[in-house]
Amino acid sequence: KSPKRMLMRQYWGEYMIHKESRFQSLEEYTAYRVKTDLNLTMDEAIRKKMAEVQAELIPYDKARFGELPEVLKGLE
């Protein structure tokens, strides 16, 4: 998923509950919530979301799992 989509997913449930609001789209609602809740722009919030996601990634353990398959080599 794109970083923007991951960020907007956080607000999707509330947007659907309050769909009759003044916001025409999920993107518009997300931009509003990011600004009011986090005091960030969408771009800043996307970078923050990606940093959170990347912090939870676990590096590939070659000792435990062996060499990467040929199709994945070079993507590291």
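Every heavy atom of this structure was used, including side-chain atoms; hydrogens, water molecules and symmetry mates were not. Residues take their numbers from the sequence shown, with the count starting at 1.
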Identify all side-chain donor-acceptor contacts of residues 62-70 below 3.5 Å with residues at least two apart in sequence or on another chain.
{"from": "K62", "atom 1": "NZ", "to": "E67", "atom 2": "OE2", "distance (Å)": "3.4"}
{"from": "E70", "atom 1": "OE2", "to": "K73", "atom 2": "NZ", "distance (Å)": "3.3"}

Close side-chain approach of L7 and V34, heavy atoms under 4.5 Å: yes
Do T30 and W12 come close enough that some side-chain heavy atom pair is under 4.5 Å? no
Those residues that, when tested against E44, pass salt bridge (Lys or Arg N to Asp or Glu O under 4.0 Å) (two or more places apart): none
All side-chain hydrogen bond (donor to acceptor under 3.5 Å, both in side chains) counterparts of D43, not counting sequence neighbours: none
Expected list for residues 49-59: side-chain donor-acceptor pairs under 3.5 angstrom, two or more places apart:
{"from": "K49", "atom 1": "NZ", "to": "Q10", "atom 2": "OE1", "distance (Å)": "3.4"}
{"from": "E52", "atom 1": "OE2", "to": "K48", "atom 2": "NZ", "distance (Å)": "3.2"}

The reported gap from CG in D37 to CG in N39 (rounded to nearest 0.5 angstrom) is 10.5 Å
Got a second to check how far M8's CE is from L26's CG, nearest 0.5 Å? 5.0 Å
Could you list all the ring pair (Phe, Tyr, Trp, His ring centres under 6.0 Å) pairs where at least one residue sits in residues 30-57, not counting sequence neighbours? F23-Y32
Pairs where residues 33-59 contributes a residue and the test ring pair (Phe, Tyr, Trp, His ring centres under 6.0 Å) is met, not counting sequence neighbours: none
Hydrophobic cluster membership, with links at side-chain heavy-atom distances under 4.5 Å among I/L/V/M/F/W/Y: are L40 and M42 in one? yes
Salt bridge flag under 4.0 Å for residues R22 and E28: no
Any side-chain donor-acceptor pair under 3.5 Å between E14 and Y29? yes
